[in-house]
Structures are given as C-alpha cells and as structure tokens.
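Before any comments, here is the structure.
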Amino acid sequence: MQELDTNKNIYYNEEASGFDMGRFARNLLNKIWALLLVGAIFAVGGLAIAKATYVEVYSSTMTLGFMETNMVIVKDYSGRKDAPVEYEEETTFYADTDAKRYQFLLKSDEMVSKIQTKLKEKNPKSKYTKSEIENSLNIETVEEGINGFFEVSVTSTDKAYCERALDVVLEEFPGFVGDFDSTISIKVIKNPSAPVVTNTDGSMMNAIYGFLIGAAIVAFVILIITLTTNTVTSLENLRREVNVKVLGSVPLLEKQVGLFGRKTKTPQGSLLITDSSKVSFAFVESFKSIRTKIENIKSEKGYKAFVVTSTYEDEGKTTVAVNIACSLAQKGKSVLLIDSDLRKPAVLHAVGVKSDTNYGLIPIIKGTSTYVDSIKFIKSLGIFVLPTGGISLKSTEVLDTEKVRNVIEQARREFDYIIIDSPPSNVVTDSIVIAPLADGIIYSIRRDYAKVADINRTLEEIRSADIEVVGAIFTMSGNEENSRYYKRKGYLRYGGYYGRRRRKHSGYGYGNGYGYGSGYGYGNGYGYGNGYGYGYGGYGYGSGYGYGYGGYGYGPGPGSRHDEDKQIDKK
C-alpha cells in the first residue's frame, strides 16, 4: 500500500469540517437552470390553480344612524313650589360605539329566521340556509371615535342575494332592535350600495408562492445530494479518503469583473504556465512544486515516463499534462508530450496549434509516417509533441501494438521525460493499455467532481494491473486568491491541425537548429551532451543515434540532411 502524503500544499487553506456551505452554494449555482425551471413550472401551476378556483365575492353595504330618545324635565324658574313638572322628548345620537351587541342581535336566530322568511317570500326558489345567512351578515362602527353610526354589510358569492338580503335587513332590523330598546331609533344614512367584487383571484401571489415552493424543492434535493454525495472537496479530504500520494494542488483561475466584482470572467482558451496574461502566480508555482516532486521521483526511482489520467473526463488532466511538460522544459529538460487519447485528442488544442492527420501515432502505426517525422517541436513552449494524428474508435487495439511500444522505447533513449496524456480510466481502458509502457501514472482529481468510491475503485483497478500510481494532482482547488482555471465543460472532442514550417539544411544541428550555440544551447537544453544537437543536419555520427551525446548526435549521418527543421511556433 502506498504511503499517504501528509505535507500541506502552500496554496491550500484547510476547510472546516462539517457541512460545506460553499459546496452547497456551488451546486446551487451549477443547477440554477433546474431551480429556475422547476420554479417556473410551479409558478405556472399556481397561476392556473388560482384562475381555475377563483370565485367572485360580492359585498353590499349601508350606513345606519342610531338615535336615542329620552324624556327630560323642563324646570320652572318662577319660584313657585307647587309649579307642575313638565317633560319633553330629546333625541340625540346614540352615545355607545360598541357594535358587538348589535352584531349579536343581527345574527340572532330570530333575526336570521326573519331574513330567511322574507327572502323566501321575495324569491320562492331561493334556498339559503340559516348558516349561510348568519355568516354573510356583519355590522361595525363607521369610524373610531364617531358615535351612533354603524355600517351593515352583506357578503356572498351570490350577487343577487347581497341586494335582497340587505333590503330585508333594512326592513326588519330597526324594528327588531326597537323591541329590545324603545329609546333607540334607526335612520338610514347611506342607502344600500350595489354589490361590488371585494376579492381578487390572487394569481400573482399564487405564482410567487408556486415559484418559491418549486425552487425550495430543488434546493432541498440539492442539499440532500450535497450531504449524501461523497466527493473530494479539499486536500485534507483527498489525503484522508483516497489512498494516493498527493503531488500538488492546482488552483482555479477566475477574475472578478463588473460592479463590485459580482461577476466572474474565466480566461478563454488553453491555460499554460508560459502565458502570464491568463494564469496567476499561484497557478505557475503549483506546477513548479509538482515538477520538483516528479524530479525527486526520477532521482529516487529512475522514472522518466508518466501517464496522466483521471477518473472521468473534464478533470483537467490535459491541462495538467501539458503544464507538467512545460515546467520540466523550463528547467532545460528534454520533454516529449504524447497524446494517446485517440478517441478525443486534446493536446494540440491545448498547446494552440492545428492538427495534421499525416503525422502522429496513428500514421506511425499505419506505416504512413515515421517516428522522426511525427515528433514536432513547439518552440514557444520548449517541448516536443507526438500527436495522435487523427481519431480512432478502436483506440485500445491501436495502442496495444508493438509499434507503440517501439515509439515509447525509442523516446526513452532520447528524452529526459515522457508525459503521456491518456483518456479517463473509468470511462475507457486505454490508459491501462498504455500505462505498462510508462513508469507510472499521475492521477488528476478534480475538486467536488468524481465520487470517492469511484476514484478508489479506479485506482484499485489500475494497481491490480500491476501499474504504479506515483501520485495525484488535485485540480480546480478552492480557497484560492483567484477562481477557476478550467471552466469549460466537456471532454474535448477534436484537436486541431498541426501546422508545419519547412526550412532547408537546418536539422537538429550544431549552430543551425536547436543545437550547440543556437536555440537551447550547450549544456542547457537540446544541445551538446544533453539533447538534440551538436551535429549538422542529420542523425548521428556516421550512422545513427548517439556517439555519446545522448540525442541526435555528432556529425552528419549517411544521406540524412533534412529539408525540414521540424520546428513549429504556436499558430
């Protein structure tokens, strides 16, 4: 069992244990379309229900004035003791503002029966129950502080009933009140009004509530998924739950733009450590740290060929492979980057050049191209690239050939490092086919993407094939100064056409190509004693590779002056 790496990455801030609110928020943003869609469906449903169930409610009102009549004594100021006492009536507004007693009288059984009987007389077909009549009646003070004025209303879904019931109340109620208090008289202040609609269909509020309910359901489902789905969300989580050594963590890249930085903008195109306009300092340094660990692995074990793979597509493995190659080249190492993803090649796209189906692995296997002609040098990156040379749906069979083995063996003799970009290991078996030709696998694990169980199962399958996993790289890690570095989703389906530039008499030669004194010079690149060079125009001293110089060697070979320097700039 491999020893777990316990070193902390300098660009990582540990996340607190427990519920990851940031992860939940990211999941919500990723599924915002579902939240809006379901919310809209529920909103339309709420609107439809409101329209379908809407019933107009009518109300008719009248204002009554309650007058109170009392007998008052008229005093005799003549001074005679035997003067008779005289009385006279005095009518004033009723002083009580309490409407409860009249509400009780209005809804009493006797009054309701009177109203029911009168309504039956006016419309024999009417079938209003006592309960319906009682619930429709209401009386209240007109305004607080004003005595003696009460507003009587009748409310019902039946417009005709409102008109008839209020007329009956006006006929019966004053006399009914007078039976209990003869000092009270009632006058009409405002005649019964025509029934008006007092309610709305509430469709707008129903739509809002429906949207909120739908959105809440989606949010709840996402919350459950967040709590139950076990993915790698942090370096600590990776070290704890995945049995793999950690080589490093690559941060996300994202620039805050707009007012108050509320919007984010992701750099477009390929992100390379050589492009300081797109990548951050942390992004560059993360690959330098990874490079150091890869160099240590070579120093300790002699490993120089590595396959880069992942559990699923879209985990940043191609970006990792290309930038590892570039970082090693920056230290003067000769690096060959091989694209072995014959189904969906992406290396050429990542380095920003067009593809050419005449050169690459597939043409080598078909015998239409050679190893030497198919390897191209990317001058601006300082790396050599062997593309796929096309697409093959039978990639497993194509990779499992003796010619591919010969390509890797020849590359081992000529390069310091070989980085092989391969398909996702949990999707196809191509990486397991090509991995035995290398020394080990570098595993790309994207933050909060593949389940821990899937990662461990895939790693176990790799190890069961007697393939060593030298380490994992945690991609798109959070808690960084910047945000995303690899936002575009989808596994790149096609590469581009690989352009070539012809130049006569300039092979990997002394003073003329990428050799001694020119290009990557003496002792520091593809030069004397270290790589491709010190010769002029050909391969090797007298006949081939070597003569002690480690690459395409000293002096011209037999008939081997090239009309092509095999150099290429990024297009």
Side-chain angles (χ1 to χ4, degrees), residues 1-7 9 238 242-250 273 286-310 317-341 347 361 371 375 382-386 399 404-423 425 430-445 458-475 525-526 530-531 550-551:
M1 181 176 293
Q2 292 183 334
E3 181 181 356
L4 298 182
D5 185 7
T6 57
N7 294 327
N9 186 283
L238 173 59
V242 180
N243 181 26
V244 67
K245 179 179 179 180
V246 179
L247 296 179
S249 172
V250 179
I273 59 174
S286 66
F287 280 103
K288 289 183 179 180
S289 175
I290 294 168
R291 176 185 65 193
T292 300
K293 293 184 179 181
I294 292 175
E295 289 177 322
N296 290 338
I297 292 172
K298 182 181 180 182
S299 175
E300 294 172 4
K301 300 182 178 182
Y303 293 175
K304 64 188 300 184
F306 302 93
V307 170
V308 180
T309 187
S310 59
K317 65 177 184 57
T318 300
T319 299
V320 167
V322 173
N323 282 293
I324 287 176
C326 291
S327 65
L328 289 168
Q330 286 180 343
K331 283 196 71 174
K333 307 298 182 181
S334 58
V335 184
L336 176 62
L337 176 62
I338 301 177
D339 192 348
S340 69
D341 191 347
V347 167
L361 272 178
Y371 166 83
I375 294 178
I383 63 175
F384 289 84
V385 174
L386 177 57
L399 293 173
V404 174
R405 184 180 301 275
N406 292 337
V407 167
I408 302 298
E409 290 302 320
Q410 189 169 346
R412 281 180 177 274
R413 294 192 297 268
E414 300 168 3
F415 292 91
D416 295 326
Y417 289 93
I418 303 168
I419 307 298
I420 305 172
D421 182 37
S422 69
S425 296
D430 297 20
S431 58
I432 296 181
V433 172
I434 195 73
L437 305 181
D439 298 315
I441 281 181
I442 296 174
Y443 206 81
S444 178
I445 300 176
T458 305
L459 290 172
E460 185 60 32
E461 291 175 357
I462 292 172
R463 292 179 179 125
S464 65
D466 199 23
I467 301 169
E468 181 178 353
V469 180
V470 298
I473 295 177
F474 191 42
T475 64
Y526 307 106
N530 190 34

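- No side-chain donor-acceptor contact under 3.5 Å links Lys333 to the backbone of Leu328.
- Panel note: side chain Thr318, backbone Val347; no donor-acceptor pair is recorded below 3.5 Å.
- Of all the heavy atoms in Ser249 and Ser286, the pair that sits closest is O-CB, 3.2 Å.
- Counting heavy atoms from C-beta outward, Gln330 and Arg291 have side chains that approach closer than 4.5 Å.
- Counting only heavy atoms from C-beta outward, the side chains of Phe306 and Ile297 approach each other to under 4.5 Å.
- Residues Ile273 and Ser327 have side chains in contact (heavy-atom distance under 4.5 Å, counting atoms from C-beta outward).
- Heavy-atom minimum distance, Tyr417 versus Tyr303: CE2-O, 4.5 Å.
- Considering only heavy atoms from C-beta on, Val470 comes within 4.5 Å of Ile442 through its side chain.
- Residues forming a salt bridge (charged side-chain N to carboxylate O under 4.0 Å, His left out) with Glu295 (at least two apart in sequence, or on another chain): Lys331.
- Residues passing the side-chain hydrogen bond (donor to acceptor under 3.5 Å, both in side chains) test with Glu460: none are found, sequence neighbours excluded.
- Residues Val244 and Gly471 share a closest heavy-atom pair of CG2-C, 4.0 Å.
- Two residues are said to be in side-chain contact when any heavy atoms from C-beta on lie closer than 4.5 Å; Leu386 and Leu361 meet this criterion.
- Side-chain atoms of Lys317 come within 3.5 Å of backbone N or O of Ser422 as a donor-acceptor pair.
- No donor-acceptor pair under 3.5 Å is formed between the side chain of Ser444 and the backbone N or O of Thr309.
- Side-chain contact between Val250 and Thr319: absent, with no pair of heavy atoms (C-beta onward) separated by less than 4.5 Å.
- Shown here are the side-chain hydrogen bond (donor to acceptor under 3.5 Å, both in side chains) partners of Ser310, two or more places apart in sequence or in another chain: there are none.
- Judged purely by atom type and a 3.5 angstrom limit, Ser299 has no side-chain atom pairing as donor or acceptor with the backbone of Asn296.
- Here salt bridge (Lys or Arg N to Asp or Glu O under 4.0 Å) pairs that include residues 431-443, with residues two or more places apart or in two chains, are Arg412-Asp439.
- Below 30°, between 30° and 60°, or above 60°: for Phe384 and Phe415 the angle between ring planes is above 60°, a perpendicular geometry.
- Taking Ala321 as the reference, Val308, Leu337, Ile419, Asp421 meet the side chain to side chain contact (heavy atoms under 4.5 Å, CB included) condition, with sequence neighbours excluded.
- Val242 places none of its side-chain heavy atoms less than 4.5 Å from the side chain of Tyr443.
- Evaluation of the side chain to side chain contact (heavy atoms under 4.5 Å, CB included) rule for Val404 yields Ile365, Thr401, Ile434, Leu437 as partners, not counting sequence neighbours.
- Not one N or O on the side chain of Asp416 forms a donor-acceptor pair closer than 3.5 Å with the backbone of Val335.
- At least one side-chain heavy atom of Glu414 sits less than 4.5 Å from a side-chain heavy atom of Tyr371.
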